[in-house]
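Please read the structure below before turning to the comments.
Bear in mind the structure is a predicted one, so any value in this text is a computation, not a measurement. All residue numbers in this chain count up from 1 along the given sequence.
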Amino acid sequence: MNLSRESKKYLVILISLIIVIGGLMEVNLNTIALNSDNEPPSYSHSDLLEFEGITINNENNALIKISNDENFTDYGFSGIGTAEEPYRIENLSIETNNDIGIFIENTTKFFVIENCTIEAIYCAIYIFNIAEGTALIENNTLSGIFYHDIFLESSSSLEVINNICYGSDYYSPAPFEVLNSGIKLERSHNTKVLNNNCSSNMYGIHVFSSLNVTIENCACVENIKCGIRSDYSDDLIISDTHCYSNNIGISIKSSSFNLITFNFCFHNTIGIEVYYSQNLNIENNTCENNEVYGIEISHSTRTNLRNNELYNDSIILNEDWITEYFTYELENNYVNDKIVGFFIYEEDLDISTSIYGQIIMIGCNNITIRNQNVRNINAFLFFEHCYEVTITDNEFGYSSVSVVHIDNGCEILITNNTFISNLFGSEVKNSYFVTIENNLFENNVYSGIFLRGSEHVNIQNNQISNTRDYGILIDDAQNIVVKDNMCRENGAGIVCWGSVDLHITNNILDTNVIGVSTLDCCGVFISENTCINNRRGIVLSISCYYFTISYNLLQNNSEYGIEISRSSQYNTIHHNSFLDNNMGRQSQALDDGEYNIWYEVETKEGNYWSSWNSKEPYLIEGEAGSEDLYPLNEELDKISYSYWLGLPILIILTIGMKRLKKKRK
């Protein structure tokens, strides 16, 4: 075959490249084994550019890849693969652009990965489908930037001991959600995870669909989601771990027959969290200064909590049915060195001394709680399905959630209490015939009073001030009366969402961002309130229908006295006094809704607008083009037109007098 001169030139170059690359490959393969001086080989990003081409599996692009027993000898690792003399992968220092640092699959030989430092893009060490009990991973420092530091899949009876698994600076700018773990076990049973340190990952240690795993003496610190997490994994033992500064310290989901004991969980959002699991023993743990709850158990029947100690923390239980609570056992748990009172189906209790660190009541009747002075305890009073409850003359402060939590209650009275510097003051859900009156709420964060999913509630004569978000928050409720309250210097004084049949009457709303704010509500009466010195007075946000807003004083609000947003319709606004709101602008009110009427239809009487003495309609700013056709005077009476009726008569008389004088002359 005759080749052109140019073709021969390219052929020579190609043959030269093949020879050079072959030599480089041989050099790199030889350097994996320890040298004669027993110095650890070290790899960097630049050194591995040629080595990346050796891998043959695109799905598992690994620097060191062992896919069968013979591959151990290919790399020259010492040992013979028996339990007594395992292959030893040790003393390596690897920093690689490959997806995986060390990948081992489908082997039956014994091996040890020890004293290595590995950083790879996805997994530092990935073990898949190896024979039971054939691997020990010990004393390594590892980082899998976007996935797992150690990933054991379909490989059982292994040991993972004394490793340091940490996140990476590459984590933050990841172009996708990073779900990495320090140690991840998936379908890997009977494995022991001992004395490891896992920090700055998404999950410190994550066990998925694995049985009989032991996690012991591990430290899980500053992991974004969980220190330790179990999903669909039964018969776990989690003991003597330290989980701190994570979102969740220990999280158990859809896992049963687990033992969680002698762990330390502190400075997490939640210390120990259990969801949809059964037959757990949670005992002898210490939870301290977790932001929300020390221990939270939800939908997890037959769970036992014994001998746990909580400091500035609490226990919360969440079940759908009262009978499910009866499967719990709580014994000898302490909050701030005081016993947790756990009462089921008790009657006629009057607790007036401070002997309990927390009070949990399920299905109790005729209960009085008084004279408690509580600090830094979330859900100090936790009531589910309780009736005839009186909470009076207590002082509750500095809770990062709510101090009083009532769900599915009936005939509840909360009166003469002080709530200071909590996230929520009182939290009442799904309850009936509730009265919240004569309480003081100061410096709470989210809301002073939080009411959700409840009916027939009176909120009256409370003083609520300096709440960052909402003084009174009502969500998904009906037949609610809010009257005679003082709401001052809150984000919003009174807020209603998704509620019907509300009466907001005779409240003082002073110096809030918004006096009254509503969203997606129907059939609301807002009347006789004093709404002054706010940024906005009364706001009807999206989907507010059939409101009656009448006889309110709206004064010195820096923006609109009343503001109606789009898709709010069929509301009637009349006999309100608008004084000096939205000064220097076109109108004291805004209407961007539809079919809203700014006067009382029967009497043809509208509202009073300061500095408007004309008989002409008052134009309401906004897309609706609304008008108050019948503006009133400051006594809320119709504007007197006697002057305007007498003026023509006066003019006629004046003209007549002049003509008469001319005739006389």
Side-chain angles (χ1 to χ4, degrees), residues 18 20-144 147-155 158-161 163:
I18 291 172
V20 171
I21 291 172
L24 290 173
M25 289 170 61
E26 183 179 0
V27 169
N28 277 302
L29 282 170
N30 291 335
T31 59
I32 291 177
L34 295 179
N35 61 28
S36 57
D37 296 328
N38 290 324
E39 294 179 356
S42 178
Y43 304 103
S44 68
H45 291 293
S46 58
D47 294 334
L48 296 170
L49 293 177
E50 297 85 0
F51 192 82
E52 290 177 359
I54 294 176
T55 56
I56 59 175
N57 187 331
N58 291 329
E59 293 181 358
N60 295 303
N61 180 26
L63 177 64
I64 296 175
K65 181 175 180 181
I66 298 173
S67 295
N68 53 59
D69 291 341
E70 288 72 25
N71 286 153
F72 286 107
T73 57
D74 292 343
Y75 287 96
F77 297 127
S78 63
I80 59 175
T82 64
E84 296 77 17
E85 295 186 56
Y87 289 114
R88 306 196 67 84
I89 305 171
E90 58 186 358
N91 301 318
L92 302 178
S93 178
I94 298 173
E95 182 182 356
T96 177
N97 283 324
N98 290 74
D99 294 342
I100 302 169
I102 297 174
F103 177 52
I104 301 176
E105 64 176 343
N106 304 323
T107 61
T108 63
K109 299 297 184 180
F110 289 82
F111 64 89
V112 174
I113 302 175
E114 186 174 15
N115 295 326
C116 295
T117 299
I118 306 172
E119 181 176 299
I121 299 300
Y122 288 101
C123 286
I125 297 174
Y126 182 12
I127 308 297
F128 175 72
N129 192 37
I130 65 171
E132 285 194 22
T134 57
L136 168 64
I137 302 172
E138 185 173 21
N139 293 323
N140 302 285
T141 299
L142 308 166
S143 179
Y147 206 39
H148 308 305
D149 303 334
I150 299 174
F151 186 16
L152 308 183
E153 184 178 4
S154 300
S155 302
L158 309 186
E159 293 185 344
V160 181
I161 302 173
N163 299 283

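- Here the shortest heavy-atom pairing between Ala120 and Asp99 reads CB-O, 3.8 Å.
- Residues passing the ring pair (Phe, Tyr, Trp, His ring centres under 6.0 Å) test with Phe111, sequence neighbours excluded: Phe72.
- Atom CG of Asp69 is separated from atom NZ of Lys109 by 5.5 Å, given to the nearest 0.5 angstrom.
- Put simply, the side chain of Ile118 does not reach to within 4.5 Å of the side chain of Leu63, judged on heavy atoms.
- Qualifying side-chain contact (heavy atoms from CB on, under 4.5 Å) partners for Asn139, counting only residues two or more places apart in sequence or in other chains: Glu114, Asn115, Asn162.
- Judged as a side-chain contact (heavy atoms from CB on, under 4.5 Å), and not counting sequence neighbours, the contacts of Thr73 are Tyr87.
- By the 30° and 60° cut-offs, the orientation of the rings of Phe77 relative to Tyr75 is parallel.
- Ser154 meets the side-chain hydrogen bond (donor to acceptor under 3.5 Å, both in side chains) test with Arg187; sequence neighbours excluded.
- For the residue pair Ser67 / Asn106, no side-chain donor-acceptor distance below 3.5 Å is found, with atom types taken as modelled.
- With sequence neighbours excluded, no residue forms a salt bridge (Lys or Arg N to Asp or Glu O under 4.0 Å) with Glu138.
- Listed for the Asp149 side chain is a donor-acceptor partner under 3.5 Å among the backbone atoms of Gly144.
- The two residues Ile66 and Asn68 make their nearest non-hydrogen contact at CG2-O, 3.4 Å.
- Here the CD-CG distance, from Glu119 to Asn98, works out to 12.5 Å after rounding to the nearest 0.5 Å.
- Counting only distance, with no hydrogens or angles, the side chain of Ser155 and the backbone of Ile130 share a donor-acceptor pair below 3.5 Å.
- No side-chain heavy atom of Glu105 sits less than 4.5 Å from a side-chain heavy atom of Glu153.
- Heavy atoms only, all atoms of each residue included: Leu158 and Gly133 are closest at CD2-N, 4.0 Å.
- When each of Ile104, Ile150, Val160 is tested with Ile127 by the rule side-chain contact (heavy atoms from CB on, under 4.5 Å), just one qualifies, namely Ile104.
- Asn163 pairs by the side-chain hydrogen bond (donor to acceptor under 3.5 Å, both in side chains) definition with Asn140, Asn196, not counting sequence neighbours.
- Side-chain atoms of Thr134 never come within 3.5 Å of backbone atoms of Glu132 as a donor-acceptor pair (strictly under, hydrogens ignored).
- At a threshold of 4.5 Å between non-hydrogen side-chain atoms, the residues Phe151 and Phe128 do not count as touching.
- The structure places CG of Asp74 at 12.5 Å from CD1 of Ile64, a figure rounded to the nearest 0.5 Å.
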